[in-house]
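The structure presented is a predicted model; accordingly, all values stated were derived computationally and were not measured. Both ligands and their constituent atoms are indexed starting at 1 by order of listing.
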Amino acid sequence: MDGNSGMSEVTESDALRTLHRVFGYDAFRGEQEAIIDHVVAGGDAVVLMPTGGGKSLCYQIPALVRPGTGIVVSPLIALMQDQVDALRALGVRAGFINSTQDFDERRVMEAEFLAGELDVLYLAPERLRLDATLDLLSRGKISVFAIDEAHCVAQWGHDFRPDYLTLSVLGQRWPDVPRIALTATATHATHREITERLGMPDAKHFVASFDRPNIQYRIVPKAEPKKQLLAFLKEEHAGDAGIVYCLSRNSVEKTAEFLCRNGIEAVPYHAGLDGGTRAAHQSRFLREEGLVVCATIAFGMGIDKPDVRFVAHLDLPKSVEGYYQETGRAGRDGLPSTAWMAYGLQDVVQQRKMIQGSEGDEAFRRRAASHLDSMLALCETAQCRRAQLLTYFGQEATAQSCGNCDTCLTPPETWDGTVAAQKVLSAVVRLQRERGQKFGAGQIIDILLGKKTAKVIQFDHDQLSVFGIGEELAEAEWRGVIRQLLAQGLLAVEGEYGTLVLTETSGSVLGREREVRLRKEPKRVPAARAARGERKAKSAAAVADLPQEAVPLFEALRAWRGAQAKEQGVPAYVIFHDATLREIAALRPTSVADLAGISGVGEKKRATYGEGVVGVVAEFAGGGAPEGGAAGDSAAGPAAAARAAEPQLSDDVEPDWGDEMEPDWTS
Ligand code: ADP
Ligand code: ZN
């Protein structure tokens, strides 16, 4: 590829040549080129780029271009093997040193490093506390230090790792080696902390746009969450890999069981499972196609699986940062993906209660409450969700309406909810003033609706003047009203039972001094496939936009890839990404040389897999007979690939209200 005869090649930089030859990509994306040029020239850099933005190349290419070994500090010990495998598949000489290795394995790595035989060496941060490690590093040649997941140095972030604090030593001990710190966390506070604590005052800062245009954001009213999730998965993501986040371990377990019972392969992941089970489930998620992981927030950081097609939240995340990080794990490959959340009254009550009951001090509670308020504002907005997310991170949205979030696709109506709000607040006031009682949302709604339930009779609540004054709205609508009042801070919850109480601002509503605008509950949230065109396939989202005639070949290529991955014990995406297989399926290359221009096929992969790929394509051109084809026995037939079991809906679907919640704080 890099012949030296053409005039244009002479001006091609080492970095660009490496991009073509090793990674098989045509061009740099966004600020990659500026970042790489700066680091190759020896400068320090702090890089804020969203997940999927292409951070890895920003240190991998300098590591390849500059003399010596690039040292990558990463907290993701469980993923190092996969990261190294992925680089080796590209022909990069990569290795790692961490606590999962025995003495001999470590010694081999150390020897390779000292002999200058490694391009990239991954290190766990805790190793850099050891003098032995620092001595080892000073005996070899280092091209660049990359500090991945750099937000782990931020003390107030939820991913804080004390070992990151020792990393400032790198700059003191190796002043001539450039350092690059990278994170997908976008807040200004974290950005500042990274720069200060890593001791990088002279670094150049690169802040990319945090927009993820291929992710469709949707937040639906929660009614029967598991059933809603199931419908979402079956209608839009049949056969796709994805993550379902729940707040408690208990609901993680139940959701995974429920999905399995209904024909969707799912595994649980939370801090209460033993390390072996967790590692096995994570490894299955990375290696198998179309597996769903139900998880607490303990799962996900650094998961570089490119084809996660959806991230679903069954419970409200605690902050917009958390929501953005978690949803960001979808669609690293740039293909259409969905961030879907079911959100309801109970979430607000739950989170407010958790904050009040937390052991943190007043400042902690205030911070948690303000994080929650921002999250609620995102849920309740009638404006573009993407624009609101970007504004939260201090970035401008490119358009008022993105066309790829639920509020843009079906703009919600708002209505004057002042009277409804007054009715709710009056019921709360009457109970308190006339009876000295406090109740939760359920009882308030029964009173407003004039329902003579056992509990209403027991407390004589049918004698209250507010009894039956709210018959104009249905129960679900009253839930929506109360939820929005809580979100707007016009109502509060208190105590263990989440009883409703007034706030300082409630009076202005009761006194008719302010109007309350509410969002109308959408009847049915339209599925994304309306925007994408209806199509059912094994991997629904991955084949979206692919010409219909290319779909069977794409599925055959995936089957071939699956067999290769299994044989080598690596995740399928280490062989080729979906995007590469899509391009192959569309272009139908007839020779190994034809593969050169396809994105994601570098020199090494062309040599290793070229014949296999061309064989699968040839077999299709020849009528698609799976047996005896040029691809040999590694190709599973297209029929096998397209076979998709139609999952059955079981009826034991219950709403989640009764779920005891036990939030996963340990993660
Ligand atoms: P991040 O670490 O920022 O989340 P990655 O480095 O994993 O992102 O890159 C995300 C995806 O984009 C990967 O699949 C990667 O191979 C691909 N990618 C990165 N840079 C380029 C590029 N210049 N051209 C094509 N694909 C790219
Ligand atoms: Zn939008």
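Between the side chains of R386 and Q388, no donor N or O sits under 3.5 Å from an acceptor N or O. For the residue pair Y343 and E380, a side-chain donor N or O sits within less than 3.5 Å of a side-chain acceptor on the partner. Residues R329 and Y245 have side chains that bring a donor and an acceptor to within less than 3.5 angstrom of each other. Counted by atom type alone, E149 and Y164 present zero donor-acceptor pairs between their side chains at under 3.5 Å. A side-chain donor from one of S337 and R309 sits under 3.5 Å from a side-chain acceptor of the other.
Between H191 and H205, the ring planes are tilted. Angles from 30° to 60° get that label.
The side-chain hydrogen bond (donor to acceptor under 3.5 Å, both in side chains) test applied to D148 returns no partner, not counting sequence neighbours.
With the Zn ion (ligand 2) at the apex, C402 SG and C384 SG define an angle of roughly 100° (rounded to 10 degrees). When rounded to 10 degrees, the angle formed at the Zn ion (ligand 2) by SG (C408) and SG (C405) equals 100°.
For ligand 1, the 4.0 Å heavy-atom shell takes in Y25, A27, F28, R29, Q32, P50, T51, G52, G53, G54, K55, S56, L57, R332, H577, ordered by chain and residue number.
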